[in-house]
There are 2 protein chains.
Amino acid sequence: MPVPKGSTIDPERTRAAILEAATAVLYERGLDGVGVAELCALIGVSKETLYRHFGTKDGLVEAMLRARSERVTRWLAEASAAAGDDPRDQLAAVFDALREWYQDPVFRGCAMLNAAAQHHVEPVRAITARHLDRYLDLLTGIAERAGAADPPLLGRQLLMLVEGATVVAAHHGTAGTGEQARQAALALLSAASRDGGGD
Amino acid sequence: MPVPKGSTIDPERTRAAILEAATAVLYERGLDGVGVAELCALIGVSKETLYRHFGTKDGLVEAMLRARSERVTRWLAEASAAAGDDPRDQLAAVFDALREWYQDPVFRGCAMLNAAAQHHVEPVRAITARHLDRYLDLLTGIAERAGAADPPLLGRQLLMLVEGATVVAAHHGTAGTGEQARQAALALLSAASRDGGGD
DNA sequence: CGGAGATCGAACCGATCGGTACGATCTCGA
DNA sequence: TCGAGATCGTACCGATCGGTTCGATCTCCG
């Protein structure tokens with residue numbers, strides 16, 4: 001029971017607890033795979049409380065996607081930064097982090113992409129697009145520091161690789177996916193640096 | 001009105017017409033984005049007829065996904081085969097075909113991946129996994145004929161690139177995506193052939 | 001101690017959903 | 001011409017959904 005009853009009545013803490021618990025359930029079962037009533041029962045909160053904090057099921061979904069996008073992006077950025085100054089190591093660290101994620105038993109693909117495939121509504125699509133933007137920024141930065149001939153191009157190609165690896169890991173098996181993607185990413189980086197931009 | 005009323009009462013033709021019309025609607029609106037009643041109204045068929053042919057909405061969905069997976073895979077394979085004997089041209093042709101698809105106004109990503117993100121049920125997941133298998137076969141074949149050092153590895157990396165490009169095109173904009181993916185694929189092919197497998 | 005507000009639990013609402021039933025209509029083949 | 005069967009249109013069913021309301025309870029703070 002993640003939300004400890006009335007306990008200390010701190011609305012902000014309640015909201016955060018709902019968000020965290022709901023994220024896990026909705027990610028595992030799908031946005032439409034669990035109704036509000038069951039969701040409230042699972043996370044131990046009344047419907048009135050949930051609706052006062054988020055107004056709508058869609059409101060909860062959007063808040064959850066926003067928080068998750070920021071969290072996972074920050075996680076990848078930190079993994080990259082912790083790898084040192086060599087852009088090549090930074091890129092490898094990104095895919096090592098992804099590989100770790102793929103092996104998590106609760107891994108079910110990118111929550112933002114899954115959500116966009118279910119809710120065709122505009123806010124969700126915008127959050128998903130922004131999520132890909134965050135990834136693109138991270139990857140393009142690596143491409144720039146690596147001296148790629150065309151950093152925006154390489155950034156977008158790496159974005160495809162990241163998202164493709166996630167999709168393949170989710171729907172075709174996680175075995176080796178992270179490592180294979182890592183090798184491909186480094187190969188692309190090498191080719192992009194060698195072909196014309198070794199300044 | 002795709003289903004021409006009672007017309008010639010040919011059950012097989014009716015079934016095929018339902019399948020084709022329903023595919024377009026369900027792909028555009030999402031599997032849960034349109035109910036059976038509205039779906040029947042849109043494609044001009046009664047609920048009884050639809051249920052006699054497919055038994056269940058899920059039955060219709062599965063039949064539609066199976067047909068679509070075969071159709072799109074055959075389309076890619078033919079585009080590849082039509083490019084001649086050079087594996088490099090064949091790979092480029094695959095991504096040219098994808099680029100064409102991305103520019104279609106009704107393009108909304110891979111129907112099988114979208115479906116798997118919505119219906120967590122087993123049959124849909126199996127169809128999606130099999131769909132990726134088909135793609136993998138096509139790409140691994142190209143990798144083999146190109147003399148890659150490790151064709152299964154390159155095949156899977158190309159699979160990630162195909163799916164990643166489709167995801168990015170669907171959720172981050174189609175501009176340039178096909179061409180960028182094509183360049184990346186050819187770069188991977190070159191690297192895989194040069195690195196250790198120039199047979 | 002007392003009031004404000006957060007929370008609970010359960011009842012309740014209208015809408016929609018997937019699926020069924022039925023009588024009428026149409027086409028085709030014997 | 002007549003019967004079998006495919007189809008239509010509509011009404012209907014039970015279940016579930018998202019969302020609201022309300023009285024009771026609890027915690028905090030003055």
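Just so it is clear: chains get the letters A, B, ... in the order the sequence lines come, proteins before strands, and each one is counted from 1.
Summarising the geometry, atom SG belonging to B/C110 is positioned 7.0 Å from atom CG belonging to B/L132; distances are rounded to the nearest 0.5 Å.
Contacts classified as ring-ring contact (aromatic ring centres under 6.0 Å, His included) and involving residues 80-115 of chain B (residues at least two apart or in different chains) are given here: B/W101-B/F107, B/Y102-B/F107. Screening residues 19-36 of chain B for side-chain hydrogen bond (donor to acceptor under 3.5 Å, both in side chains) gives B/R29-B/E38 as the qualifying pairs, with residues at least two apart or on separate chains. Sequence neighbours left out, the pairs with a member in residues 138-153 of chain B that pass side-chain hydrogen bond (donor to acceptor under 3.5 Å, both in side chains) are B/Q90-B/R145.
OP1 and OP2 of C/dA10 both lie 4.0 Å or more from every side-chain N or O belonging to A/S46. A sub-4.0 Å separation between OP1 or OP2 of C/dA6 and a side-chain N or O of A/H53 is absent. Put simply, B/T49 has a side-chain N or O that comes within less than 4.0 Å of OP1 or OP2 on D/dC8.
Rounded to a whole Å, the CG atom of B/L50 is 16 Å from the C1' atom of C/dA21. One atom, CZ of B/R52, and another, P of D/dC8, lie 9 Å apart when rounded to the nearest Å. To the nearest angstrom, P of D/dC8 lies 9 Å from CD of B/E48. Spacing between atom CZ of B/R13 and atom P of C/dC28 amounts to 12 Å, rounded to whole angstrom units. Distance A/R15 CZ to C/dA6 C1': 15 Å, rounded to the nearest Å. The distance between atom CZ of B/F54 and atom C1' of C/dG18, rounded to the nearest whole Å, is 16 Å. What separates CG of B/L39 from P of C/dG19 is a distance of 12 Å, to the nearest Å.
Hydrophobic side-chain contacts under 4.5 Å tie A/V167 into a cluster, directly or through other members, with A/L113, B/L113, B/V167.
A/Y135 pairs by the ring-ring contact (aromatic ring centres under 6.0 Å, His included) definition with A/H131, not counting sequence neighbours.
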Please tabulate the protein-to-nucleotide N/O contacts below 3.5 Å involving nucleotides 17-19 of chain D, giving atom names and distances.
residue, atom, partner, partner atom, Å
D/dG18, OP1, A/K57, NZ, 2.5
D/dG18, OP2, A/V36, N, 2.7
D/dG19, OP2, A/Y51, OH, 3.2
D/dG19, OP2, A/K57, N, 2.7
D/dG19, N7, A/K47, NZ, 2.6
D/dG19, O6, A/K47, NZ, 2.3

